[in-house]
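The figures that follow rest on heavy atoms only: side chains count, while hydrogens, waters and symmetry mates do not. None of the values given here were measured: they were computed from a predicted structure.
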Amino acid sequence: MLTCGRVQNVAIIILTAIMILVSSPALALDGQGESEGAPEAVLNLDLCTLAYQLYHQSLCLPLDPWYDLMSRVGSDRRENICRFTHEYAARLGAAGPVGQSPEAGFYSGPNAARNWSGTNLNLDPILTNYKFIDARNPAFTRDGERYLAVKAPSYLSQNIRVIDGVRYRAKPAGFPSNDVEMFRVREYPTGEDHLVVFEGGTGIVGATEPAWSLMGFVLMHKTATGYDAHIVFRGSRSGASLAKTVLKAQDVVGDAKGNPDWITDLRGSKQIPQPLISKVGKVTEGFANSLPTMLGPVSQCCKYLSEKYPAPEHIFVTGHSLGAGLATQFASSVLQGGYGAELARQVPGWSWDKILLVAYAQPIPGDPEWAQEFDKLSPSSQHYWVEGDMVVEATSSSLVNLFIDKGEHAGIQKKLAAVANCQDNPHEVFVIRAALLRDLSSNFAPLVSRLGAENTWGYYENISKMVTGQAVSYVFPGAPAPVIVSQSNLRQVLSNCNFGQQFGNWLEQVYARMIADKSSYIGPKFQSTLDERRQLVLNLVARMRQPLPGDMNQALDGLVEDFKLIDGNLGLTEEEQWIYSAMLLGRLENTPLTVTDLQSRPETKSGLESAPN
């Protein structure tokens, strides 16, 4: 007979298998409810893309934010990287706002990065900085075995005038907490929209401490007749696959250890009572543990905007994947939970009883009793997904229901047919977008052509192919090559996150320590050899911080010399290529060198063309 603990672990294993397979007013598609030419179903999905863009921009280590590269079975390499990064985060937190650099004092991730006590050392220390975000420029990361570039379409991103943020002032004693503070991120010379990002925590199991990150935003969006408010929750990101970011971090499948977003995702097997979110039925545990950390910041976002703008004509709540689960439970907390009265007290001028959910690729948010009440209170809410999406469809099978509490999706269910000639996961946000655009009436062919012509998401084999638009992912028919991060905007993208300095500091204070630790290797090593490798890393960091000669040929000669110093001398070819790629990107950020210049030498060209394994 299965005990409760064993049943829970079996349920998590089933959800893990599903996740590995996927890793990685009434709305209509007839043109009604359009805003700036885009139907609301498309506009809200594009806002989900913007949430991913802003989150990826906040990552301090875009070339390996999830520590995929360090996952090597049989050694403690990844464990050591995470341990030393936690210690590095504590030093960042203790330093506070020193040096007057824009990002100082705005690091987040583990509690220690905020100089708070109680860091959860079981969670991967994914370092972020909210000051790095920029709606008008794209984001890129090395996303496991590929490079990812993402940018929301210009009809949204170019109309944002101000970006503000809300974060906790001090470590919260409990949730919800209104002890928050505002900060300015960026202001543009044009635009009519106002966006306020908010933070929240993921990776919570029971009473454990979360990892903190940018979890979404509230957008006050100008329309032809006034304003609409959009409350947007981001989806989860974790790199190559669950096998690297969670399973290799765990001793036992189901441990609350590894990537914090996936920890929240995998607590989807159990429905629990949570009156704050719903007074009727039960809601999914993972989202219900995480959402309360966001309620105070979201409330402050809305309160702040309510003091600057007239009441919105519509209030939309949206999200994709993890974001859809959080968005659904947020709408529930307003309509049928204990938080609705508190939110109405803080923001009394908004029509909270008319809040409308638009969810995409929604995991199960609650049980049937909860869903029935939600659909009664919000009959126009909708859920879109593409046929074949395992996150949405697999949880309804009889086998899964033996181990996973029975649940129901919320909203009017809008199942979209599979996209022809698309080999990408139907769970992906850009695949859902392609299906939505395809299904627009033929009367809107010019609108479809315009919206489809702007690529928002692309996967690439290497940096060179990324900046030239040679994607391995689906491209909407008639759209140009997906040049999202380009030779013309790459320098600004790197500069926004202070790429070279961030990577150099981490290389010096984390990687150099890891590479000299014997437990980071399989089999015996001479300590003298490891000490030499550590010194080489420190020498490379010193070279990164030195200015290159003004003469282009001399500058390229210096980068060729860097290649020769690294090649074959750090023990693992992939990590050597990764460090060299980062050194090249740092030079592109801080010198007049261009991608074309780097492609003129075999050594530097190889750094741009090395592919993640």
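Checked against side-chain hydrogen bond (donor to acceptor under 3.5 Å, both in side chains), S378 has the following partners two or more places apart in sequence or in another chain: S381. For F183, the ring-ring contact (aromatic ring centres under 6.0 Å, His included) partners are F106, not counting sequence neighbours.
The structure places OG of S290 at 5.5 Å from CE of M215, a figure rounded to the nearest 0.5 Å. To the nearest 0.5 Å, atom CG of residue L291 and atom CE of residue M294 are 6.0 Å apart. One finds the CG atom of L61 at 10.5 Å from the CD1 atom of I126 (value rounded to the nearest 0.5 Å). Atom-to-atom distance recorded for Y360:OH and N44:CG is 4.5 Å, nearest 0.5 angstrom. L585 CG to L598 CG: the interatomic distance, rounded to the nearest 0.5 Å, is 8.5 Å. A distance of 11.0 Å separates CD1 in I231 from CG in L219, rounded to the nearest 0.5 Å.
D124 and N259 share no donor-acceptor pair across their side chains, judged by distance under 3.5 Å alone. Side-chain N/O atoms of Y147 and T141 include no donor and acceptor closer than 3.5 Å. Using modelled atom types and a 3.5 Å distance limit, the side chains of S154 and E454 yield a donor-acceptor pair. H314 and Y227 share no side-chain donor-acceptor pair at under 3.5 Å. Between the side chains of E199 and S213, no donor-acceptor pair of N or O atoms lies under 3.5 Å. Checked by atom type, the side-chain pair S600/D597 shows no donor-acceptor distance below 3.5 Å. Of the N and O atoms on the side chains of S473 and D424, not one donor lies less than 3.5 Å from an acceptor on the other residue. Using a 3.5 Å distance cut-off with no hydrogens or angles, the side chains of D228 and H221 do not pair a donor with an acceptor. Side chains of E428 and Y459: a donor-acceptor N/O pair is present below 3.5 angstrom, by distance only. At a cut-off of 3.5 Å, with distance as the only test, a side-chain donor of T328 or Q362 sits close to an acceptor on the other residue. N496 and D134 are linked by a side-chain donor-acceptor pair at a separation below 3.5 angstrom, with hydrogens and angles left out of the test. Between the side chains of S236 and D265, at least one donor N or O lies within less than 3.5 Å of an accepting N or O. Q413 and W385 are not linked by any side-chain donor-acceptor pair at a separation below 3.5 angstrom, with hydrogens and angles left out of the test. For the residue pair H427/S321, the side-chain donor-acceptor check at 3.5 Å is satisfied.
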F140 and F499: ring-ring contact (aromatic ring centres under 6.0 Å, His included), yes or no, with the steps?
CA-CA 12 Å; F140 84 92; F499 176 88; 7.0 Å; no
Exercise. Go through the steps to decide whether R142 and D64 satisfy the test salt bridge (Lys or Arg N to Asp or Glu O under 4.0 Å), and finish with yes or no.
Key: CA-CA 6 Å; R142 173 176 157 151; D64 191 23; 5.3 Å; no
Would you please test F430 and Y474 for ring-ring contact (aromatic ring centres under 6.0 Å, His included) and show each step?
CA-CA 8 Å; F430 66 93; Y474 179 80; 7.4 Å; no
Verdict with reasoning, E313 to K222, per salt bridge (Lys or Arg N to Asp or Glu O under 4.0 Å): CA-CA 10 Å; E313 297 175 312; K222 186 73 173 67; over 6 Å; no
Exercise for the section: Take D261 and R234 through the test salt bridge (Lys or Arg N to Asp or Glu O under 4.0 Å) and record every step on the way to the result. Expected result: CA-CA 11 Å; D261 284 0; R234 73 161 176 87; 2.7 Å; yes
- Message: Evaluate D46 against R433 for salt bridge (Lys or Arg N to Asp or Glu O under 4.0 Å), listing each step before the verdict.
- Response: CA-CA 8 Å; D46 286 341; R433 188 176 197 263; 2.6 Å; yes
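Less than 6.0 angstrom separates the ring centroid of H194 from the ring centroid of Y304.
Looking at T591, its side chain does come within 3.5 Å of a backbone N or O of L593 through a donor-acceptor pair. The main-chain N or O of N489 is found under 3.5 Å from a side-chain atom of S486 such that the two form a donor-acceptor pair. Judged purely by atom type and a 3.5 angstrom limit, T604 uses its side chain to pair as donor or acceptor with the backbone of R601. A donor-acceptor pair under 3.5 Å is formed between the side chain of R186 and the backbone N or O of I133. When atom types are taken as modelled, the side chain of N462 and the backbone of A611 share no donor-acceptor pair closer than 3.5 angstrom. Side chain of Q57 to main chain of N137: a donor-acceptor pair is present (N/O by atom type, distance under 3.5 Å, no hydrogens or angles).
Taking the ring axis of Y460 as reference, the NZ or CZ atom of K465 does not stay both within 45° of it and closer than 6.0 Å to the ring centre. A cation-pi arrangement is not found for R237 relative to Y55, the charged atom failing to lie both closer than 6.0 Å to the ring centre and inside a 45° cone about the ring normal.
Put simply, the residue from F233, F287, F316 that forms a ring-ring contact (aromatic ring centres under 6.0 Å, His included) with F330 is F233. The side-chain hydrogen bond (donor to acceptor under 3.5 Å, both in side chains) test with S157 singles out one residue from K151, R136, Q53, and that residue is K151.
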